[in-house]
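What follows is one structure encoded as C-alpha cells, with my remarks underneath.
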Amino acid sequence: MNFSEVFKLSSLLCKFSPDGKYLASCVQYRLVVRDVNTLQILQLYTCLDQIQHIEWSADSLFILCAMYKRGLVQVWSLEQPEWHCKIDEGSAGLVASCWSPDGRHILNTTEFHLRITVWSLCTKSVSYIKYPKACLQGIAFTRDGRYMALAERRDCKDYVSIFVCSDWQLLRHFDTDTQDLTGIEWAPNGCVLAVWDSCLEYKILLYSLDGRLLSAYSAYEWSLGIKSVAWSPSSQFLAVGSYDGKVRILNHVTWKMITEFGHPATINNPKIVVYKEAEKSPQLGLGCLSFPPPGAGAGPLPSSESKYEIASVPVSLQTLKPVTDRANPKIGIGMLAFSPDSYFLATRNDNIPNAVWVWDIQKLRLFAVLEQLSPVRTFQWDPQQPRLAICTGGSRLYLWSPAGCMSVQVPGEGDFAVLSLCWHLSGDSMALLSKDHVCLCFLETEASVSTACRQLGGHT
Amino acid sequence: MRKVRPREDLCSGPLSLSSGILALEIAMGDWMTVTDRGLSSESKTISQYTSEIKMSPSSLYSQQVLCSSIPLSKNVHSFFSAFCTEDNIEQSISYLDQELTTFGFPSLYEESKGKETKRELNIVAVLNCMNELLVLQRKNLLAQENVETQNLKLGSDMDHLQSCYSKLKEQLETSRREMIGLQERDRQLQCKNRNLHQLLKNEKDEVQKLQNIIASRATQYNHDMKRKEREYNKLKERLHQLVMNKKDKKIAMDILNYVGRADGKRGSWRTGKTEARNEDEMYKILLNDYEYRQKQILMENAELKKVLQQMKKEMISLLSPQKKKPRERVDDSTGTVISDVEEDAGELSRESMWDLSCETVREQLTNSIRKQWRILKSHVEKLDNQVSKVHLEGFNDEDVISRQDHEQETEKLELEIQQCKEMIKTQQQLLQQQLATACDDDTTSLLRDCYLLEEKERLKEEWSLFKEQKKNFERERRSFTEAAIRLGLERKAFEEERASWLKQQFLNMTTFDHQNSENVKLFSAFSGSSDRDNLIVHSRQPQKKPHNVSNGSPVCMSKLTKSLPASPSTSDFCQTRSCVSEHSSINVLNMTPEEIKPNQVGGECTNQKWSVASRPGSQEGCYSGCSLTYTNSHVEKDDLP
C-alpha cells in the first residue's frame, strides 16, 4: 500500500471523474484537475468565489462548480480549457445544483424550493419545474440515465413526477400515499421506485416505472420510522434501516420482508467474528494485521499503532445513551451500504457509533462486527470487490474484507485526520480527505488483488 | 325384704366377692320365697316353720349389728362364724334347707315317711349342695369376670370411640377453619383479580385515551401543517411572481458556445410523437425488465427441474436394485410406484418434456418425486435404525441376539404355550362332554378302572414309603431301648463303684478322727431314693439346673403357647388342662386321660410330669432325661471333695 503526497483541499471537495482518469479537487476558489496516475495537474480553473460543490458530468467532459452563496454555477470543460459557462440564478437563489445524466443539462434548485431550473448546454432553452419538494432526496435518476423521478408537493399532497431525461418530458405524475415524503430512490434496474415517508411514520412504497403502486410496507406504527434505505446492486433486495435499530430486507418478488437484522449491543454468537481495534505502542512489534508505515524514514513514527484483535464472545459494544428529548436522536440505522456484488451489507447503528456490522446476505446472518476506537464517520465499499474502507476521523484507514481486517496509518507530517474517503472506479486507489488535505492511497497490485479474490472465493 | 338389707350391707363389706354374690343370691332366693309363699299352696306348717326359723339368724345378726358399734369390716369373720353356733345348728340347717329348697336344690334332710319323725340331715345332699353351690359360684365368678372384662373392653371401646369422636370433631373443626381460610383467600384472590382486571381495564382505557390523544394531536398537527404549508405556498407563489415578473437580468446563462449533445443528435421538438415514443420506450423498458425476470425464473425453473429429474433418476437407480434383492418386507406400493416412475421416466425421456411447464407434467413429476422421497426416507430411517441397533450391539457381541428380539421370541413362545394349553383344555372338555353324553358303560368303567388303578398304585407307593418310615422308627426305638439298658447297666456299675468307694472312705474315716459328722449325714442323705436325691441337687445347685429343666419344659411350653395364644391363668385352668391333654395324647401315645386327671391337684408338678411325659415322644426329651441323670451323677461327684 502506497500513499501519495498530500495536496491541499478545502470543503472536502475532491472527486474522481466517472471514467476514472482524473481527480478534481478544490482549494478555496480554485479547481484543480489532476491525472490519477501521475497526479500531475492537468488543468487549473479559477472560479468567482469559494466553491461549495463540484460535480463531474457523466461523460467526464465537464465539471460544475456551485457557489451557493452567490447563486452561481460555473461549468468547465476539460477538453477546452478556454470554454466557460456561468449560470446565475440571481435573486431566486440557489441551494442545489446537479448534472443531468446526459451531461448536457444542469438542474438548479432555487431557494425555498421555488422551482428547479433546467439549463441546457446544447441549446438556449431553459425549463422550469415547479413545486419541487424540499426534502432530503427529492431527485433521483435511473442508473441508465433515462428517467428522473422528482418528489413534488402540491396542495399539501405528495406527488412523484417521472421525467424522460432526453427531452424533459413528463412521463408520469402520480400522488403518493405518504404523509410527508422524505426520499425517493430508483432500483438499479430502473424499473422500481422506492418512496419512503418521513421518520414520523414507518412507510415505504414501491412504484413501478409506469406509476403503479407495487407494494407498501410498514413494520410498525407510532414510533420513529425509516432512517436509511439502500437498494442492493442486483435490485433484488431493499434494505430499510429504521430508528428501532433494525434493518429489514425486502425481496423484489413479493416485496415482503425476508429477514430482520437486529443490532444488539452484545454479541453472543461464537460464529461471528468481532474485530476490536486495539492501540499498541510500536515497541511491542508489528501486529500481524497492521501494516508497517511505508518509508519509515520519511516522517516521524506515529506515537501509537493500532491493530485489530479478535474478541472472544460474548462481546459488549460501546453504546451511546440517546438523548430522546432532542430532535433527530442518535439512534437507529443511519448508514447502509451493499457491497458491489450484493453479497454483503454494511451497516452502522447510530447509538453504537464505533461499530460497523457486516451482514452476509447469502446466508442472511451477521458475518462480522468491527469495533473501532472512535466513532465511524463513513464507510464505502470497493466498487470492484467486497472490500470495505472505513474512516473514523483519525489518522488511520481501516479496511475489511472477508479474509480479515487491517488498519493503516496514513503517513505524513502531523496527523492526517481522515474525515472522508472515496474509491477510485477501479478499486486500486482511493482518495483520503482531511479537513485541508487530500491524499491518494494506492492499494495492492493486481496479483495480490487476485489472491485476495481467490481467498474470498474460498471463503464464501 | 327388710331382712335382705343387712345382708346386702354385709356383702358391701370387705368380704370376698364370692360370698357377696352368694349373699345376693340368697337374698334373691329370699325374695322368691316370699313370692312363693304367696303363690304356692303348700302346707302352712312348713311355711310357718320356715318363717319362724328364718327369723332367728337374721334377728341374731341384726341384734349383733345393733349392739356392736365396732365397724363391720373388723369382725366380719367372727360375725360370719356366728351365723351358726353350737346352739342354733338345727335352726341354721333348717334355714339353709329352706333356702336351698326354694332355690330348687334337693332338701338337706333325708326323705321322711311321716311328718312326725324328725328328719335326718343328709350329709351327701349337703355335700352335693355345697359342691353345686361351689360350681355355681365358680360359674358366676367366671361370668362375672367375663362381664367385667367385657365391661372393661366396652369401656375402653367407649373411651376409644370418644377419643376418636373428639379427634374427628377436632379434625372437622380444623378442616372447617381451613376451609374458611381458603375461602377467605379465594375471596381475597378474587378481589385482587377483580382489582387487577379493573387496573387492566383502566390501563387499556388509558392506552385508548392516549392513542386518541395522539391521533387527535396528529390530525391537529397535520391540519396546522397544511394551513402553514398553504400560507407558505402562497408566499412562494408570490415570491415566484415577484422574482419572475421582474425580468431579472441576472438570471441568465453566460456561455461561450453551445456544446453538442452527448449522443451527437440534435434535440427534437416536443410533439405528440415524442410523447408516444417515450411511452413506448418506457413500456419497452418495463417489458424488457419483466422478460429478463421471466427468463431468469424460467432458467431457475429449468435448473430445478433438471435437479428434480436427476434426483428422480438417482432415486430410481438407488431403489430398484433393492427391489430386486430378496426382501420380505418390501411393500407392494413401492413396487408399483417404481414401475410407475419408470414408465414416467420413459415417457419423459421419449417426449423430452423438460421445458413443458404444463400442470400435468409438473404434478406428475412432483408426485412421483414425493412418493420416491417418502420411500427413500422410510428406507433411510430403517437403515438408520439398523445402524443404531448394530452400533448398540457392537459393544457386546455382534452375534448375540438383541434383547428385543429375545423378548419378542419369548413372548411368541409364551403365546404358543398358552395356545397349546387352551387347546388341551378344550380337548379335555370335549372328551368329558363326550363321556357324559355317550355314557358308555364300558368306557366309563374302563376309565374308572384306569383311575382306580392309578390311585391304587399311588397308594401302594405311599404305603411302601410309610412302611419304610415305620421300620426306621422301630430301628430307632430299638437303639434307644438298648441305650437305656446300657445306661442302666452303667448306672448299676457306677453305683456299685460308688458304694465300694464310700465304703473305703468310711473305713478311712473311722480310722481317722470322728470329724465331719455332716459327711455322715450327707452319706445318709445320699443313700436315699433317687427322687429325693434329685430334689436335693435341684435345691443345692439352682444355677446349674436351668438348662436341664429347660431342655424338657420348653418343648412342652412352646407347644402350649402355640396352641394357646394367651398364657394360661388359673381361671382358665380347665381349658389348659384339656389342651395339655390333647397335646399329651398326640405326643405321648402311652398316656391316657385317666393318668392326666390326678394332675389337677397341683399345677407345679404337672409341668414336671409333662416334661417327663414328653421324653419318649421326642428324642430331645429322651436326651434331656439322660443328661439329667448324667448331671446328677456329675453333681454328686462334684459335691464330694
Side-chain angles (χ1 to χ4, degrees), chain A residues 57-59 61-62 71 75 77 80 82-92 102-104 106 110 112-115 117 119-126 128 130-131 142 144 146-147 153-156 162 164 166-169 171-172 179-180 189-192 200 208-210 222 252-253, chain B residues 210-211 214-215 218 221-223 225-230 232-233 235-244 246-263 265-271 274-275 277-279 281-290 292-293 296-297:
Chain A
S57 69
D59 52 8
L61 292 176
F62 302 95
V75 186
S77 165
Q80 297 167 277
E82 69 279 6
W83 185 87
H84 62 87
C85 173
K86 187 185 88 180
I87 301 167
D88 196 340
E89 285 292 340
S91 53
D102 64 355
R104 295 294 180 269
I106 290 165
T110 60
F112 309 111
H113 288 81
L114 282 177
R115 64 182 185 193
T117 324
W119 300 90
S120 170
L121 300 186
C122 307
T123 58
K124 265 190 181 168
S125 69
V126 181
Y128 300 105
K130 270 183 94 178
Y131 314 115
T142 56
D144 61 1
R146 267 179 211 266
Y147 303 104
R153 184 86 177 174
R154 292 179 196 184
D155 298 328
C156 306
I162 294 170
V164 182
S166 56
D167 53 7
W168 303 107
Q169 196 167 27
L171 188 69
R172 282 288 182 276
Q179 285 288 319
D180 180 19
N189 64 6
C191 291
V192 183
L200 290 175
S208 169
L209 179 61
D210 53 357
W222 306 116
H252 76 306
V253 182
Chain B
L210 284 173
Q211 271 179 349
I214 287 171
Y221 165 80
N222 283 341
H223 181 259
M225 278 292 284
K226 265 181 196 167
R227 197 162 49 82
K228 276 188 183 148
E229 207 174 316
R230 262 187 216 117
Y232 167 67
N233 279 344
L235 278 172
K236 257 165 105 175
E237 203 67 31
R238 191 70 178 275
L239 185 67
H240 195 252
Q241 272 177 2
L242 280 172
V243 168
M244 300 312 149
K246 230 182 171 182
K247 287 286 170 197
D248 196 350
K249 284 275 166 31
K250 276 173 102 184
I251 299 174
M253 184 168 72
D254 174 23
I255 192 163
L256 188 70
N257 61 304
Y258 293 106
V259 293
R261 288 174 67 96
D263 49 8
K265 284 181 197 163
R266 287 181 62 198
S268 54
W269 292 104
R270 259 191 237 173
T271 53
T274 54
E275 218 168 283
R277 207 190 61 219
N278 282 333
E279 283 275 307
E281 233 162 80
M282 183 195 77
Y283 281 123
K284 222 181 264 175
I285 284 168
L286 275 177
L287 263 176
N288 277 342
D289 181 58
Y290 282 123
Y292 171 72
R293 272 162 77 169
Q296 268 190 331
I297 286 165

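In what follows, every chain begins at residue 1, and chains take the letters A, B, ... in the order their sequences are listed.
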Between Ile214(B) and chain A, which part of the residue has a heavy atom less than 4.5 Å away: side chain, backbone, both or neither?
-> side chain
For Tyr292(B), is it the side chain, the backbone, both or neither that has a heavy atom under 4.5 Å from a heavy atom of chain A?
-> neither
Of the backbone (N, CA, C, O) and the side chain (C-beta and beyond), which part of Ile106(A) lies under 4.5 Å from a heavy atom of chain B, both, or neither?
-> neither
Just wondering, more than 12 heavy atoms not from Tyr128(A) lying within 6.0 Å of its OH?
-> yes
Proximity breakdown for Ser208(A) and chain B, heavy-atom pairs closer than 4.5 Å | side chain
Reported CD1-to-CG distance for the pair Ile285(B) and Leu209(A), which is rounded to 0.5 angstrom = 6.5 Å
Arg115(A) vs Lys236(B) side-chain heavy atoms within contact, under 4.5 Å = no
Below 4.5 Å from any heavy atom of chain B, which atoms of Trp83(A) appear? Answer side chain, backbone, both or neither.
-> both
Does the pair Tyr147(A) and Glu281(B) meet the rule for a side chain to side chain contact (heavy atoms under 4.5 Å, CB included), with working shown?
-> CA-CA 11 Å; Tyr147(A) 303 104; Glu281(B) 233 162 80; 4.2 Å; yes
Would you say the side chain of Asp167(A) lies within less than 4.5 Å of the side chain of Asn278(B), judging by non-hydrogen atoms?
-> yes
Is Lys130(A) atom NZ crowded by more than 12 heavy atoms from other residues, nucleotides or ligands, each under 6.0 Å away?
-> yes
Exercise: identify the closest heavy-atom pair between Tyr232(B) and Phe112(A) | OH-O, 3.4 Å
Quick one: pull up SG in Cys156(A) and NZ in Lys228(B) and give me the separation to the nearest 0.5 Å.
-> 12.5 Å
What heavy-atom pair brings Val253(A) and Arg293(B) nearest, and what distance separates the two atoms?
-> CA-NH2, 4.3 Å
When rounded to the nearest 0.5 angstrom, what distance separates CG in Asp155(A) from CZ in Arg230(B)?
-> 7.5 Å
To the nearest 0.5 Å, what is the distance between CZ (Arg277(B)) and OG (Ser166(A))?
-> 6.5 Å
Asn222(B) versus chain A, heavy atoms under 4.5 Å apart: side chain, backbone, both or neither?
-> side chain
Side chain from CB out, backbone as N, CA, C, O: work out which of these in Asp210(A) comes under 4.5 Å of a heavy atom of chain B, or both, or neither.
-> both
Does Arg154(A) pair with Glu229(B) as a salt bridge, N-O distance under 4.0 Å?
-> no
